[in-house]
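One structure is given below, encoded as structure tokens.
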Amino acid sequence: MPEVLKAPLVVEFPFTRSLGPVQSAFLTGLRERVVLGVRTGDDRTLVPPVEYDPVTAEELHDLVEVAATGTVTTWAWNHAPRRGQPLATPFAWVLVRLDGADTALLHALDAPGPDAVRTGMRVRIRWAEERTGAITDIACFEPHDGDPAELTGTTGEFADPVTGIVAPARLDYTYSPGRAQSAYIEALSTRRTVGERCPSCRKVYVPPRGACPTCGVPTAEQVEVGPRGTVTTFCIVNIKAKNLDIEVPYVYAHIALDGAGLALHGRISGIPYDQVRMGLRVEPVWTDGARYPDHYRPAGEPDADYDAYKELL
Amino acid sequence: MTREETPGVRDIAVVAFAQTDVLRTTDELSEVEMLMPVLHSVLDRTGLKTADIGFTCSGSSDYLAGRAFSFTLALDGVGAWPPISESHVETDGAWALYEAWTKLLTGDADTALVYSYGKSSPGSLRDVLTRQLDPYYVAPLWPDSVALAALQAQALIDAGEADESALAAIGTRSRRVATLNSHAQLRGTVPQGDYAVRPLRTGDCPPVGDGAAAVILAAGERARELCSRPAWIRGIDHRIEAHSLGVRDLTDSPSTRLAAEKAGVFERPVDTAELHAPFSAQEIVLRKALRLDDSVRVNLSGGALAANPMMAAGLIRIGEAAARIHRGESDRALGHATSGPCLQQNLVAVLEGDAR
């Protein structure tokens, strides 16, 4: 059995999110060094503010300023910060109830070590130098000995409010396609196409995924298919895709490789686009260093009978 | 909800359960290859073929696989050939079981296949799980799953309900009883280890592993045909708490208590409980919410501290509880599943065997 393949896989996405009126006021406030909470019907102040009461589901909109100082309600010492976290040096995760708030905000506390942190300790916000209207406008919390901070007396109305955030995310994986697909990819490196036969229905799956989707049983018997095949159906592409170096119109086809139980897809070239037809016999064209056929071209054989491929449409 | 609240509805039971060994890595297997043996195992136990199954429901997560619609590939393992009645939940399979249970209640099907799987090994689980957090106020800070559980543990310590040695004892007991569970990932004596995020040490945290599980549900007489002692679902309910951690009392789990109440847990004592408590401190919170005293056998499987395959660990709790009823080792058992940070969402099922 060939070695199972592995490759790094990075999933990155900038999530663009719009804000409701409450979130917009809170995040704009952070940009202006002001912390806003929202008042509930039973006169509690939620910080960070939400648009609906978590208990009653009542819509909330009464914004109220709270202080930039507060009290730690629980904490955890993080000796090995991870990518993306607020501080690169060891810090405490803290839930902080800001003065004037009834609920706690999650953030980081910059402290010299775990012995310097306790539940009930007083802290204040350290603002980020550059603020954009995001939770990261709070750089972190820091220990604070003094009185509660003064309120700014804001109305909660700001010029140029923040209406959205972009939340970048990146996750790193080591992808392994498993045994069956590894064997398929390994075979392609020697320009062979290998499928797997279902022990029950005898169909040959290309590419193989290790299971027959019809019978729900494992497949294991490897079968080499092709290299030639038959066009079972096709379409003519008239719109050029971004970054694609292929002149339009071109033909995209389903191709049943000889011996395969279902069709693969590929591009057809070497023949005028309006002469491609069902039943056309084709063969793969490889380019140097490629990991799969660049396209298929006419094999110069008579067309296949419809009966020979009608089950593979 | 419970059977007693809704007279006239059909009895539904777990009639078969299977799970894989949970392993740190399974590079050589695709998801469907990992899953197929357990699918075949539950089918073999009942004599059913995939074509006989009335409804199929699965649980998994794209964020573990790093691919969109990753569950569609796993469907190959059930022979998902039309016509098939099939559904998927993007969370633990315990919630897929809940969906299948409601489907059987409607009378649309008499049997259901429920499965779930997770391969955590390709990614960094602590980072992956940050993506389930509030995207406005929390996720941009990347607080990882261990850090959030550590905040909960410290809250419990501050409240005087635990100390570090009490937490350590939970992990130690879990892994000791897991020596009897050949599927568990961590068994026997495991060092308590260094702090992961203080106050949690590695011994307070679940192992990261890959695994899958499957159960078959059946209604009424069909259940008796398929299993000599069906595990009847007497009640099942799931509840959720506020998204924001700072709104919640982390030392309690009101959603678990409410789900248990609605599922009928408190009507009669249970003899067995399988709790999905990935972190040691969470077992204390759950025992309190569920009012479990020392007369109840808790997590004889070893629980999530011995094996916590994401998306399958909750379904495994229900499966383990059901299997004890099948074997005659329990008459009334509780299965619990959780999802989200610090026990955010909780599902509770009550299972009973016929009187002996």
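In what follows, every chain begins at residue 1, and chains take the letters A, B, ... in the order their sequences are listed.
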* **Nearest-0.5 Å distance that lies between atom OG1 in Thr130(B) and atom CG in Leu171(A)** => 6.5 Å
* Taking C-beta and beyond as the side chain, do Leu141(B) and Thr136(A) meet within less than 4.5 Å on heavy atoms? -> yes
* Side chain His40(B), main chain Gly216(A), donor-acceptor under 3.5 Å -> yes
* **Proximal component of Ala153(B), with respect to chain A [non-hydrogen, under 4.5 Å]** => neither
* Asked: Would you say the side chain of Pro135(B) lies within less than 4.5 Å of the side chain of Arg17(A), judging by non-hydrogen atoms?
  -> yes
* Asked: Do Leu148(B) and Leu106(A) have side-chain heavy atoms sitting under 4.5 Å apart?
  -> yes
* Between His107(A), Gln181(A), Arg83(A), the one whose heavy-atom pairs under 4.5 Å with chain B are most numerous -> His107(A)
* Asked: Does Pro122(B) reach the side chain of Thr174(A), with side-chain heavy atoms less than 4.5 Å apart?
  -> no
* Structure fact -> Sorted by chain and number, sequence neighbours left out, side chain to side chain donor-acceptor pair (under 3.5 Å) with Gln192(B) holds for Asp204(B)
* To do: Could you grab the distance from atom CG of Asp76(B) to atom SG of Cys215(A), nearest 0.5 Å is fine?
  => 11.0 Å
* Do side-chain atoms of Thr103(A) reach the backbone of Val247(B) as a donor and acceptor pair under 3.5 angstrom? -> no
* Would you indicate whether Trp127(A), at its atom CH2, is surrounded by more than 12 heavy atoms from other residues, nucleotides or ligands within a distance under 6.0 Å? => yes
* Structure fact -> Applying a strict 4.5 Å limit to non-hydrogen atoms, the region of Leu64(B) in contact with chain A is backbone
* To do: Given side-chain contact (heavy atoms from CB on, under 4.5 Å), test Arg209(A) with Leu73(B) step by step and report yes or no.
  => CA-CA 8 Å; Arg209(A) 298 206 295 252; Leu73(B) 295 179; 3.5 Å; yes
* To do: Verify, without hydrogens or angle tests, whether Glu33(B) (side chain) and Gly210(A) (backbone) share a donor-acceptor contact under 3.5 angstrom.
  => no
* With sequence neighbours excluded, what pairs up with Arg82(A) under the salt bridge (charged side-chain N to carboxylate O under 4.0 Å, His left out) test? -> Asp127(B)
* Top contributor to chain B contacts, counting heavy-atom pairs under 4.5 Å, from Ala169(A), Ala92(A), Ala167(A) -> Ala169(A)
* **Straight-line distance of Glu28(B) CD to Ser182(A) OG, nearest 0.5 Å** => 10.0 Å
* Asked: Between Arg131(B) and chain A, which part of the residue has a heavy atom less than 4.5 Å away: side chain, backbone, both or neither?
  -> side chain
* Structural part of Ala65(B) lying under 4.5 Å from a heavy atom of chain A -> backbone
* Going through the checks in order, is the side-chain contact (heavy atoms from CB on, under 4.5 Å) test met by Val128(B) and Tyr173(A)? -> CA-CA 10 Å; Val128(B) 167; Tyr173(A) 299 89; 4.1 Å; yes
* Would you call Gln85(A) and Asp144(B) a side-chain contact if the rule is heavy atoms closer than 4.5 Å? -> yes
* **Shortest non-hydrogen contact from Gly66(B) toward Leu9(A)** => O-CD2, 3.9 Å
* Region of Val32(B) in contact with chain A, defined by heavy-atom distances below 4.5 Å -> side chain
* Are any side-chain N or O atoms of Ser30(B) and backbone N or O atoms of Gly178(A), one a donor and one an acceptor, separated by less than 3.5 Å? -> no
* Asked: Does a side-chain heavy-atom distance below 4.5 Å link Tyr137(B) with Leu105(A)?
  -> no
* Structure fact -> Of Leu5(A), Val217(A), Val55(A), the largest count of non-hydrogen pairs under 4.5 angstrom with chain B goes to Val217(A)
* Counterpart residues, salt bridge (charged side-chain N to carboxylate O under 4.0 Å, His left out), relative to Arg24(B) (two or more places apart) -> none
* Without swapping roles, check the side chain of His79(A) against the backbone of Val197(B) for a donor-acceptor pair under 3.5 Å. => no
* To do: Considering only heavy atoms and a distance below 4.5 Å, find which of Gly120(A), Pro81(A), Pro86(A), Ala134(A) pairs most often with chain B.
  => Pro86(A)
* Out of curiosity, Ile165(A) CD1 to Tyr136(B) OH, how far, rounded to the nearest 0.5 Å? -> 6.5 Å
* Asked: Tell me, side chain or backbone of Leu250(B) under 4.5 Å from chain A's heavy atoms, or both, or neither?
  -> side chain
* Asked: Among residues 23-31 of chain A, which ones touch chain B with a heavy-atom distance under 4.5 Å?
  -> Gln23(A), Phe26(A), Leu27(A)
* Asked: Which atom names give the shortest non-hydrogen contact between Ala76(A) and Leu151(B), and what distance separates them?
  -> N-CD2, 3.7 Å
* Structure fact -> Interatomic distance, CG@Asp158(B) vs OG1@Thr73(A), rounded to 0.5 Å, equals 9.0 Å
* Asked: Rounded to the nearest 0.5 Å, how far apart are CD of Gln154(B) and CH2 of Trp77(A)?
  -> 13.0 Å
* Asked: Where do Pro218(A) and Met36(B) come nearest, in terms of heavy atoms and distance?
  -> N-SD, 3.5 Å
